[in-house]
Novice: 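Below you will find the structure I want to go over with you.
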Amino acid sequence: MAIRQLSLNNFRNLISTTVDLNANLNIITGLNGSGKTSFLEALHIICQGRSFKTHSINHCIQHKKNSFLLFSLFDDYKAGISRNNKTSIIRIDNKTIHKVSLLAKKTPVRIINSSSFDLIIGTPVHKREYIDWCLFHVEHNYQSLWSDHKHSLKQRNALLKTRNNLSELYYWDKKISQLGMSIFNFRKKYIKSLQLVLDQEFPETIQHLNISLVYKPGWNVELSLLENLNSSRNKDIKNGFTQCGIHRDNIDILSYGRHAQTVLSRGEIKKLTIILIISQVYLLQKVNDREIMILIDDIDSELDEGSVKYLLNKLNSKKIQLFITNIESKEYLCQSHEEYKMFHVEHGMIKAVKHK
Ligand SMILES: Nc1ncnc2c1ncn2[C@@H]1O[C@H](COP(=O)(O)OP(=O)(O)O)[C@@H](O)[C@H]1O
Ligand SMILES: [Mg+2]
């Protein structure tokens, strides 16, 4: 759901204010340290209940203040978060809620910043997070499969570490292989669909850079997962942890058959990262027609004008509410969308400067 208005109080360096937002495109400009990223962070917190910058949203309380307050009007609900040093209070439509997940489900958000490059240059953990994000939103039971699998793996690893009650391993092996197979099938299907979206929606870039996604399961798929666990049992006991399974899955992102991070330029890595994330959003919207908020911090850095225009055009959709930040105000940032609103931030003061 699009956010129409955001009120900020004692949040980071931002001067308390209420801003009206555009449902399609919002551009935030300002010098280093003016408060652009903080503004995106506030949006992320009011949608997801958590920051993309810090594990503890206490850090967002303005220096020398005791608490912050965010309040927002969305198309069809109102949300508020207040945080003091000890607790958060989250309210949706004037009712206090006790589970952040209730807020997080309302409006999915994707942040794209310099950490997003981890999708290409990072570890398998980042690759799995990437696949899982969409599956959480697309497949209703994926979240519970995933949590059950995580729990079962923890139990198995605890047995392996203590070497007590090793006979219980059989129980957890069966459970892990059942849950793991379902997760494997979802991931396999989803990576294929993603490659299709990439080829169809971004043919210019994907062909030019010859990009392919290859699923690398963390176990030998010629055997069943249960057989894998059986045959690695002795080694697992020796090492004290489970060495094969979907928790070791990886996705290779290749350019001309080589790892993209070893081939592509920084700019190409950034462009491909954004394309991979937009593809995911397209896929999510194809399946369940949801509106999504995308935040892109410092869009211009490392991208040339042509690439920024290309990406903004791909992000022009009624179902995407886009927030981009940039140091300078540039004409081409406003050209992709029929409507937009531009803000300028100076020393924490957010001012609307133009709109169409
Ligand atoms: N809790 C806080 N209270 C007050 N100021 C803060 C707080 N946290 C960060 N800042 C300051 O806010 C300023 C804006 O940061 P940021 O939003 O990252 O700037 P930008 O993205 O525009 O470069 C920085 O100068 C930073 O030192
Ligand atoms: Mg910034």
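Since the model is a prediction, treat every value here as computed from it, not as a measurement. Indexing begins at 1, ligand by ligand and atom by atom, following the structure's order.
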Novice: Would you say atom 4 (C) of ligand 1 makes contact with the protein, given that contact here means a non-hydrogen protein atom less than 4.0 Å away?
Specialist: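 Within 4.0 Å: yes, protein heavy atom nearby.
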Novice: Can you confirm whether some protein heavy atom lies under 4.0 Å from atom 23 (O) of ligand 1, or whether none does?
Specialist: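 Within 4.0 Å: yes, protein heavy atom nearby.
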Novice: Can an N, O or S atom be found in Thr37 less than 2.8 Å away from the Mg ion (ligand 2)?
Specialist: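 Yes, Thr37 qualifies, because one of its backbone or side-chain N, O or S atoms lies under 2.8 Å.
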Novice: Check ligand 1 against Asn32 and write out every atom of the ligand that is under 4.0 Å from a heavy-atom position of the residue.
Specialist: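 That gives atoms 23 (O) of ligand 1.
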Novice: Should Lys189 and Glu139 count as an ion pair when the cut-off is N to O under 4.0 Å?
Specialist: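 So Lys189 pairs with Glu139 through a salt bridge.
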Novice: For the pair Phe39 and Phe343, name the ring-plane relationship: parallel under 30°, tilted 30 to 60°, perpendicular over 60°.
Specialist: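 Rings of Phe39 and Phe343: tilted, 30 to 60°.
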Novice: Please confirm whether Gly35 comes under 4.0 Å of ligand 1, counting heavy atoms of the residue only.
Specialist: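 Heavy atoms of Gly35 do come under 4.0 Å of ligand 1.
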Novice: Out of the candidates Leu194, Asp118, Thr273, only one should pair with Tyr130 under the side chain to side chain contact (heavy atoms under 4.5 Å, CB included) rule; please name it.
Specialist: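 When Leu194, Asp118, Thr273 are each tested with Tyr130, the side chain to side chain contact (heavy atoms under 4.5 Å, CB included) holds only for Leu194.
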Novice: Would Lys216 and Asp249 pass as an ion pair if we require N to O under 4.0 Å?
Specialist: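 The answer is no: the pair does not qualify as a salt bridge.
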Novice: Could you find the nearest protein heavy atom to atom 14 (C) of ligand 1 and give me its residue, atom name and distance?
Specialist: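 Protein heavy atom at minimum distance: Gly33 O, 3.3 Å.
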Novice: Just say parallel, tilted or perpendicular for the rings of Tyr282 and Phe202, cut-offs at 30° and 60°.
Specialist: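 Parallel.
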Novice: Scan His337, Lys341, Arg4, Glu339 and name whichever one has a side chain to side chain donor-acceptor pair (under 3.5 Å) with Asn22.
Specialist: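 Checked His337, Lys341, Arg4, Glu339 against Asn22; only one passes side chain to side chain donor-acceptor pair (under 3.5 Å): Glu339.
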Novice: Consider side chain to side chain donor-acceptor pair (under 3.5 Å). Of His344, Lys36, Lys330, Glu346, which one does Thr29 pass it with?
Specialist: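 That would be His344; it is the only one of His344, Lys36, Lys330, Glu346 passing the side chain to side chain donor-acceptor pair (under 3.5 Å) with Thr29.
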Novice: Does Gln62, backbone or side chain, put an N or O under 3.5 Å from an N or O of ligand 1?
Specialist: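 Among all N and O atoms of Gln62, none is under 3.5 Å from an N or O of ligand 1.
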Novice: Would you kindly specify which portion of Leu31 sits under 4.0 Å from ligand 1, judged on non-hydrogen atoms: side chain, backbone, both or neither?
Specialist: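 Answer for Leu31: backbone.
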Novice: Considering heavy atoms of the protein only, find what lies nearest to atom 21 (O) of ligand 1 and give residue, atom and distance to 0.1 Å.
Specialist: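 Nearest protein contact, heavy atoms only, for atom 21 (O) of ligand 1 is Thr37 OG1, 2.7 Å.
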Novice: Considering non-hydrogen atoms of the protein only, which is the closest contact for atom 11 (C) of ligand 1, and what is the distance?
Specialist: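 Minimum-distance protein heavy atom for atom 11 (C) of ligand 1 reads Asn13 CB, 4.0 Å.
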Novice: To the nearest 0.1 Å, how far is atom 2 (C) of ligand 1 from its closest protein heavy atom, and which atom is that?
Specialist: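 Nearest neighbour among protein heavy atoms for atom 2 (C) of ligand 1, to 0.1 Å: His63 CE1, 3.3 Å.
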Novice: Compare every heavy atom of Arg258 with every heavy atom of Val263, then report the nearest pair and how far apart it is.
Specialist: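 The pair with the smallest heavy-atom distance is CG2-CB, 3.6 Å.
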Novice: Could you say whether the N/O atoms of Ser38 and ligand 1 ever approach to under 3.5 Å?
Specialist: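 There is such a contact, yes.
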Novice: Have a look at ligand 1 and work out which part of His59, if any, has a heavy atom under 4.0 Å from it: side chain, backbone, both or neither.
Specialist: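 The part of His59 near ligand 1 is the backbone, not the side chain.
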Novice: When you compare the side chains of Ser255 and Asn210, does any donor N or O come within less than 3.5 Å of an acceptor on the partner?
Specialist: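 The criterion, which ignores hydrogens and geometry beyond distance, is not satisfied for Asn210 and Ser255.
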Novice: Any N or O on Ile61 sitting closer than 3.5 Å to an N or O of ligand 1?
Specialist: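 Among all N and O atoms of Ile61, at least one is under 3.5 Å from an N or O of ligand 1.
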